[in-house]
Amino acid sequence: MAEATPNRIVITVLGKNRPGIVAAVSRVLGEEGIDIRDITQSIIEDIFTMTMIADMAASTSTFAELQERLAATGKEIGVDVQVQREDVFNFMYRL
């Protein structure tokens, strides 16, 4: 696992599967200049889950602005989008 940096974030998406979820979230990240470093998704029955690791180093938006924009996008498409700083995520889920 790569070392956490202050610019790395963890994005989780959960909701009922439908076309366009990955496209909508990725579009926001692209528009914000955020680099997707890793992505995984799965669909169980009709439940969609996705986790992304991304790097905000080139973004001009703040972390809070990104959280708000992704939450709004999630609401528009009917999924829950959560964003955490990677170092906070790792602290919360350490063994």
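On a predicted model such as this, the values are computed, not experimentally measured, just so you know. Heavy atoms only: backbone and side chains are in, while hydrogens, waters and symmetry mates are out.
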Any residue meeting side chain to side chain contact (heavy atoms under 4.5 Å, CB included) with [X], in chain and number order, not counting sequence neighbours:
X	answer
I77	R18, I21, A24, V79
A72	none
E68	none
T40	T51

### Query
Any link between M52 and I47 through a network of hydrophobic side chains (Ile, Leu, Val, Met, Phe, Trp, Tyr) touching at under 4.5 Å?
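They do not share one cluster, since no chain of ILVMFWY contacts under 4.5 Å joins M52 to I47.
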
### Query
Given the rule that I, L, V, M, F, W and Y join up when any side-chain heavy atoms are under 4.5 Å apart, are I39 and F48 in one cluster?
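Yes.
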
### Message
Minimum heavy-atom separation for A58 and G33, please, with both atom names.
### Response
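The pair with the smallest heavy-atom distance is CB-O, 3.7 Å.
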
### Message
Using every non-hydrogen atom in the two residues, find where M56 and S61 come nearest and quote the distance to one decimal.
### Response
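Closest approach of M56 to S61, heavy atoms only: CE-O, 3.7 Å.
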
With a 4.5 Å limit on heavy-atom distance, are the side chains of [X] and [Y] in contact?
X	Y	answer
I36	I11	no
V22	Q41	yes
Q84	I9	no
T12	M50	no

### Task
Kindly write out the residues that satisfy side chain to side chain donor-acceptor pair (under 3.5 Å) with D80, not counting sequence neighbours, or none if the list is empty.
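By the side chain to side chain donor-acceptor pair (under 3.5 Å) rule, D80 matches Q82.
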
### Task
Take L66 and I34, measure what side chain to side chain contact (heavy atoms under 4.5 Å, CB included) needs, and give me the verdict at the end.
CA-CA 10 Å; L66 178 65; I34 295 170; 3.4 Å; yes

### Query
Quick one: OG1 on T62 to CZ on R69, what's the gap to the nearest 0.5 Å?
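Going from the OG1 atom of T62 to the CZ atom of R69 covers 12.5 Å.
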
### Message
Checking side-chain contact (heavy atoms from CB on, under 4.5 Å) between L29 and each of D35, L70, T73, which is the one that passes?
### Response
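Option passing the side-chain contact (heavy atoms from CB on, under 4.5 Å) with L29: L70.
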
### Message
Applying salt bridge (Lys or Arg N to Asp or Glu O under 4.0 Å) as the test, list every pair that has at least one member in residues 38-65; sequence neighbours left out.
### Response
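Only K16-D46 qualify under salt bridge (Lys or Arg N to Asp or Glu O under 4.0 Å).
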
